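See structure below.
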Amino acid sequence: MIIAESVAEVRAQVKAWKREGLRVGLVPTMGYLHEGHASLVEKARSLCDRTVVSVFVNPAQFGPGEDLESYPRDFAHDCALLEEKGCDMVFHPDASVMYPPDFATYVELCSDMPRQLCGKTRPIHFRGVCTVVTKLFNIVTPDMAFFGRKDAQQLAIIRRMARDLSMDVEIVGCPIVREADGLARSSRNAYLDARERAAALVLSRAVAVGKELAAQGERDARALVAAMRAVIEAEALARIDYVDAVDGVTMQPVDAIQDGVLVAMAVYIGKTRLLDNFIVGEGAC
């Protein structure tokens with residue numbers, strides 16, 4: 001497995017692969033990898049000839065007071081997992097490589113999409129996401145890029161960005177990977193102590209309630225969201241950032257539950273902000 005720290009290294013290797021006619025897949029990550037990330041690598045390997053994984057904690061998507069400095073990092077562990085999963089190259093740049101001192105160009109959607117859900121309390125987050133993903137696409141020039149559906153708003157925004165900017169890359173969304181007890185896998189789960197870890201199961205319990213109501217025919221979005229909020233509010237360690245039902249493509253709020261609606265949440269367990277969601281009409285996600 002190649003470990004590249006410079007843009008030039010990545011470009012030279014990808015160009016060599018493409019001269020051989022090989023398809024290249026990209027899995028963008030911020031490191032501290034878990035089985036959710038591993039599933040993205042496995043999907044990339046199943047559809048592409050070579051797989052590149054970026055490991056970069058992107059400062060541009062963290063706002064003031066967020067957990068940039070404390071975000072968990074373990075590059076040796078990441079490399080061991082990636083080598084085991086058959087990754088061909090890891091791109092691990094320093095922040096100065098991605099954002100030199102005079103960096104001044106950003107990419108953002110000028111629509112309501114990034115202002116919904118997570119964007120309500122993280123106003124610069126998706127500008128940072130779009131900027132770093134655009135840079136990674138330009139550096140790696142992948143044929144396909146793989147993202148987890150746990151970050152459903154991010155996935156929808158990246159799809160729109162790639163469409164609007166005519167990016168020559170196929171965006172592939174992959175199912176949420178869960179622990180045996182239902183908790184969605186997340187690097188931030190490492191922040192949870194034992195009591196908080198037990199309390200965090202309230203997210204997946206709320207998802208189960210929402211799914212069941214939708215399956216039973218509940219069509220009032222406010223009623224479904226209220227039932228999910230009630231589950232979360234019963235947990236003393238939980239504090240809701242949002243629970244919303246939105247169109248799964250546009251991220252706009254909806255009144256009626258129907259196939260394709262995204263029901264998403266962000267919930268603080270103690271100081272740790274966790275995400276979960278489901279899409280009405282889809283199977284496990």
Side-chain angles (χ1 to χ4, degrees), residues 7 10-11 14 24-31 36-37 40 44 52-68 71 91-174 176 186-188 241-242 244 246-253 262 264 266 273 275 277 279:
V7 172
V10 176
R11 284 182 169 157
V14 172
V24 176
L26 170 66
V27 179
T29 83
M30 292 209 302
H37 298 107
L40 301 181
V52 180
V53 176
S54 61
V55 174
F56 177 63
V57 180
N58 176 34
Q61 67 191 66
F62 288 80
E66 294 185 350
D67 59 340
L68 173 60
Y71 192 85
F91 179 38
H92 183 51
D94 186 78
S96 63
V97 172
M98 299 296 279
Y99 300 106
D102 57 348
F103 186 87
T105 303
Y106 292 87
V107 179
E108 63 181 322
L109 268 67
C110 297
S111 75
D112 284 340
M113 281 186 76
R115 301 188 185 103
Q116 307 300 320
L117 304 180
C118 289
K120 293 178 181 179
T121 54
R122 305 187 74 191
I124 70 166
H125 176 69
F126 290 111
R127 184 183 78 162
V129 169
C130 288
T131 299
V132 78
V133 171
T134 297
K135 287 179 68 71
L136 290 170
F137 287 175
N138 287 337
I139 293 164
V140 180
T141 62
D143 297 286
M144 307 177 80
F146 300 81
F147 298 87
R149 291 181 183 168
K150 180 173 68 68
D151 298 295
Q153 185 179 15
Q154 171 180 279
L155 175 58
I157 286 171
I158 290 169
R159 287 191 194 280
R160 177 61 59 84
M161 178 187 76
R163 188 205 73 177
D164 288 356
L165 297 182
S166 303
M167 294 176 167
D168 188 19
V169 56
E170 180 181 348
I171 309 299
V172 180
C174 299
I176 295 172
S186 169
S187 299
R188 288 188 169 98
D241 183 352
Y242 66 81
D244 287 326
V246 300
D247 183 282
V249 175
T250 68
M251 300 291 108
Q252 293 304 299
L262 168 69
R273 185 175 182 272
L275 303 180
N277 67 73
I279 297 175

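The chain is numbered in sequence order, starting from 1. Everything quoted here is computed from the prediction, not taken from an experiment.
- Residues C174 and F146 approach most closely at SG-CD2, 4.2 Å, considering heavy atoms.
- Using a 4.5 Å heavy-atom threshold, the side chains of V132 and M98 count as touching.
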Worksheet entry | Chi angles and distances behind the side chain to side chain contact (heavy atoms under 4.5 Å, CB included) call for L26, M144 | CA-CA 6 Å; L26 170 66; M144 307 177 80; over 6 Å; no

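- Remark: side-chain polar atoms of K120 are not paired, donor with acceptor, to backbone N or O of R115 under 3.5 angstrom.
- Using a 4.5 Å heavy-atom cutoff, the side chains of L136 and V52 are not in contact.
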Discussion item. If you apply the rule side chain to side chain contact (heavy atoms under 4.5 Å, CB included), what do you find for K150 with S186, and how did you get there?
Written reply: CA-CA 9 Å; K150 180 173 68 68; S186 169; 4.1 Å; yes

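- With a 4.5 Å cut-off on side-chain heavy atoms, Q252 and V246 do not count as touching.
- Within the 4.5 Å cutoff, side-chain heavy atoms of F137 are placed close to those of P142.
- Looking at Q153, its side chain does come within 3.5 Å of a backbone N or O of Q116 through a donor-acceptor pair.
- Under the 3.5 Å distance criterion, the side-chain polar atoms of D143 are matched with a main-chain donor or acceptor of V24.
- Atoms CZ and CD1, on F62 and I124 in that order, are 10.0 Å from each other to the nearest 0.5 Å.
- At least one side-chain heavy atom of C130 sits under 4.5 Å from a side-chain heavy atom of I157.
- Judged by distance alone, with hydrogens and angles left aside, the side-chain atoms of D247 form a donor-acceptor pair with the main-chain N or O of T250 at under 3.5 Å.
- The pair D67-R273 does not meet the salt-bridge criterion, since no charged nitrogen lies less than 4.0 angstrom from a carboxylate oxygen.
- Side-chain contact between I158 and F147: present, with at least one pair of heavy atoms (C-beta onward) separated by less than 4.5 Å.
- With R160 contributing its side chain and A156 its backbone, the two residues share no donor-acceptor pair below 3.5 Å.
- Ring-plane geometry between Y99 and Y106 is classed as parallel, the angle between the planes falling under 30 degrees on a 0 to 90 degree scale with a further cut at 60.
- Of all heavy-atom pairs spanning T29 and G31, the tightest one is OG1-N, 3.1 Å.
- Here the OH-OG distance, from Y71 to S187, works out to 3.5 Å after rounding to the nearest 0.5 Å.
- The CD atom of Q61 lies 5.0 Å from the NE2 atom of H125; values are rounded to the nearest 0.5 Å.
- With hydrogens and angles disregarded, no donor-acceptor distance shorter than 3.5 Å links the side chain of S54 to the backbone of F56.
- Taking both residues in full, the closest heavy atoms of M161 and T134 are given as SD-OG1, 3.3 Å, listed atom of the first, atom of the second, then distance.
- L155 approaches G173 most closely through the heavy-atom pair CD2-CA, 3.8 Å.
- A salt bridge links E66 with R122: the distance from a Lys NZ or Arg NE/NH1/NH2 to an Asp or Glu carboxylate oxygen falls below 4.0 Å.
- The CG atom of L117 sits 12.5 Å away from atom CD of Q154, with the distance rounded to the nearest 0.5 Å.
- Looking at V107 and R127, their side chains never come closer than 4.5 Å, going by heavy atoms from C-beta outward.
- The CG atom of N58 sits 8.0 Å away from atom OG1 of T131, with the distance rounded to the nearest 0.5 Å.
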Worksheet item: Going through the distances and angles, do K135 and V7 end up as a side chain to side chain contact (heavy atoms under 4.5 Å, CB included)?
Response: CA-CA 10 Å; K135 287 179 68 71; V7 172; over 6 Å; no

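- Atom CD1 of residue I279 and atom CG of residue L262 lie 5.5 Å apart, to the nearest 0.5 angstrom.
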Fill in: Stepwise side chain to side chain contact (heavy atoms under 4.5 Å, CB included) check, D151 with N277
CA-CA 9 Å; D151 298 295; N277 67 73; over 6 Å; no

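- Without hydrogens or angle criteria, R159 side chain to I171 main chain gives a donor-acceptor distance under 3.5 Å.
- In this structure the side chain of V55 never reaches within 4.5 angstrom of the side chain of M30, judged on heavy atoms.
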